[in-house]
Amino acid sequence: MNAQTISQAEPLVKARNVHKSFGDNEVLKGIDLDVMPGETVVILGPSGSGKSTFLRCINHLEAMNRGSIQVGNEQIGYELRGKHLRKLSARAIARQRRQIGMVFQQFNLYPHLTVLQNIIEAPVGIHGESRQAAEAYAMTLLQRVGLKEKADAYPRQLSGGQQQRVAIARALAIKPKLILFDEPTSALDPELVGEVLATMKDLAEQGLTMVVVTHEIGFAKEAADRVVFMDGGYIVEQGPPDEILVNPQHPRTRAFLSRVI
């Protein structure tokens with residue numbers, strides 16, 4: 001996305017002082033992050049740094065202990081009543097999630113459904129769209145990810161890379177404002193990674209707002225508008241990829257990159 005356009009936009013995602021603990025283990029220790037419309041933000045960091053937990057907090061798959069996350073004008077998972085946040089009902093949270101697609105490490109496709117049926121499951125079964133309209137849009141998405149000819153195939157008949165591209169199409173089927181990727185290539189054989197990253201690069205070029213947790217440094221270099229480095233539950237530094245990946249300022253970022261590049 002054009003840097004000037006980003007600077008003039010209002011953030012689509014506003015995370016403020018996000019804390020999350022699992023028992024005595026504080027995983028997120030006060031995360032502040034804005035994501036602009038049309039921006040691709042790549043989050044890097046070692047295992048256990050809180051990257052995936054933060055991603056799951058954005059769509060309330062994990063509930064924060066403290067802080068706030070807004071997507072658009074909505075406070076995710078909560079509503080402000082007076083000066084206090086109150087947790088929304090499960091139905092209201094499900095409605096909020098319609099604006100947020102997510103692609104996981106594992107493909108999570110229903111094995112007993114065809115590719116087409118997997119993609120239309122949420123639009124028809126959860127959001128009440130007509131089957132005819134959902135199927136027409138699903139075919140458009142399959143063409144977009146290069147798998148139109150696989151509409152009637154079952155997941156077991158696809159490679160891992162093809163299954164993940166179907167998962168991407170499924171995430172897009174709800175027409176989200178934002179799509180989250182949680183290490184989408186980590187479960188793939190190395191030779192299948194490229195086809196998934198190519199699909200993601202195409203989405204970035206089309207202006208989809210994306211937050212991507214990944215170890216794929218090449219993708220970050222080529223597709224990211226901004227790289228965020230996390231460690232120990234904090235954002236250590238962030239900036240354009242040619243700054244963070246080529247000339248990081250923080251010693252922890254330099255140490256991490258020296259092992260992965």
Side-chain angles (χ1 to χ4, degrees), residues 1 35 39-56 58-59 61 100-111 115 118-119 141-151 153-173 176 178-231 238 240-242 244-246 248 253 256-261:
M1 183 176 178
V35 180
E39 188 178 21
T40 297
V41 173
V42 170
I43 302 179
L44 302 176
S47 297
S49 60
K51 309 181 303 296
S52 292
T53 298
F54 175 59
L55 211 65
R56 292 171 67 86
I58 293 176
N59 69 352
L61 288 176
I100 307 170
M102 189 160 186
V103 178
F104 299 89
Q105 297 178 33
Q106 302 296 330
F107 322 124
N108 297 330
L109 300 177
Y110 295 112
V115 164
N118 266 280
I119 294 172
L141 292 173
L142 283 173
Q143 184 167 11
R144 191 171 176 183
V145 301
L147 291 172
K148 189 174 182 179
E149 76 285 357
K150 299 294 185 180
Y154 287 89
R156 66 180 179 275
Q157 298 172 310
L158 306 179
S159 70
Q162 289 172 329
Q163 289 186 61
Q164 192 62 296
R165 283 189 279 156
V166 172
I168 292 171
R170 179 183 59 185
L172 292 171
L178 169 72
I179 189 164
L180 310 173
F181 293 85
D182 187 8
E183 299 193 23
T185 60
S186 64
L188 299 177
D189 293 333
E191 64 269 22
L192 301 177
V193 168
E195 64 189 66
V196 174
L197 293 180
T199 298
M200 293 169 62
K201 288 175 189 174
D202 180 59
L203 296 177
E205 289 170 359
Q206 293 177 36
L208 184 68
T209 308
M210 299 163 52
V211 181
V212 183
V213 169
T214 184
H215 292 294
E216 299 292 340
I217 302 298
F219 175 81
K221 286 180 179 178
E222 295 176 22
D225 295 298
R226 183 156 42 108
V227 172
V228 174
F229 177 71
M230 288 183 63
D231 187 40
Q238 59 181 299
D242 56 353
I244 300 300
L245 300 177
V246 177
T253 315
F256 173 79
L257 291 173
S258 70
R259 292 197 299 269
V260 298
I261 293 181

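Just so you know, these numbers use all the heavy atoms, side chains as well, and skip hydrogens, waters and symmetry mates.
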- request: Taking R170 for its side chain and F107 for its backbone only, find out whether a donor-acceptor pair lies under 3.5 Å.
  value: yes
message: If I take atom CG from residue N108 and atom CD from residue Q163, how far apart are they, to the nearest 0.5 angstrom?
response: 10.5 Å
- line: Result for side-chain contact (heavy atoms from CB on, under 4.5 Å) between L44 and one of I217, V213, V228 points to I217
query: Looking at CZ of F54 and OG of S49, how far apart are the two atoms once the value is rounded to the nearest 0.5 Å?
result: 12.0 Å
message: I'd like to know if the side chain of Q164 reaches the main chain of P184, judged simply by a donor and an acceptor atom lying under 3.5 Å from each other, with no hydrogens or angles considered.
response: yes
query: So which heavy atom on L141 is nearest to which on A169, and how close?
result: CD1-O, 3.4 Å
- prompt: Taking the side chain as C-beta and beyond, is there a heavy-atom pair between S186 and H215 under 4.5 Å?
  reply: no
- prompt: Does some side-chain heavy atom of M230 sit less than 4.5 Å from a side-chain heavy atom of I43?
  reply: yes
I168/L203 under side chain to side chain contact (heavy atoms under 4.5 Å, CB included): CA gap, chis, key distance, verdict: CA-CA 10 Å; I168 292 171; L203 296 177; 3.7 Å; yes
Enclosure of Q106 CD (heavy-atom neighbours >12, cutoff 6.0 Å): no
query: If every non-hydrogen atom of P241 is compared with every non-hydrogen atom of A220, which pair is closest and at what distance?
result: CB-O, 3.6 Å
query: Taking it one step at a time, do D231 and F256 satisfy side chain to side chain contact (heavy atoms under 4.5 Å, CB included)?
result: CA-CA 10 Å; D231 187 40; F256 173 79; over 6 Å; no
statement: Looking only at heavy atoms, the pair that brings G160 and L192 closest together is N-CD1, 3.9 Å
message: So, taking the atom named CD in E216 and the one named CD in E222, what distance separates them when rounded to the nearest 0.5 Å?
response: 10.5 Å
- prompt: Within a strict 4.5 Å, meaning less than it, do heavy atoms of the V145 and V166 side chains meet?
  reply: no
Gap separating the CE atom of M200 from the OG1 atom of T185, nearest 0.5 angstrom: 7.5 Å
query: If every non-hydrogen atom of Y110 is compared with every non-hydrogen atom of N118, which pair is closest and at what distance?
result: N-OD1, 2.7 Å
message: To the nearest 0.5 Å, what is the distance between CG on D182 and CZ on R56?
response: 7.5 Å
- request: Kindly compute the distance separating CD (E195) from CG (L147), expressed to the nearest 0.5 Å.
  value: 8.0 Å
query: Between K51 and G45, what is the shortest heavy-atom contact and its length?
result: NZ-O, 3.0 Å
statement: Smallest heavy-atom separation, F181 atom then L55 atom, equals O-CD2, 3.3 Å
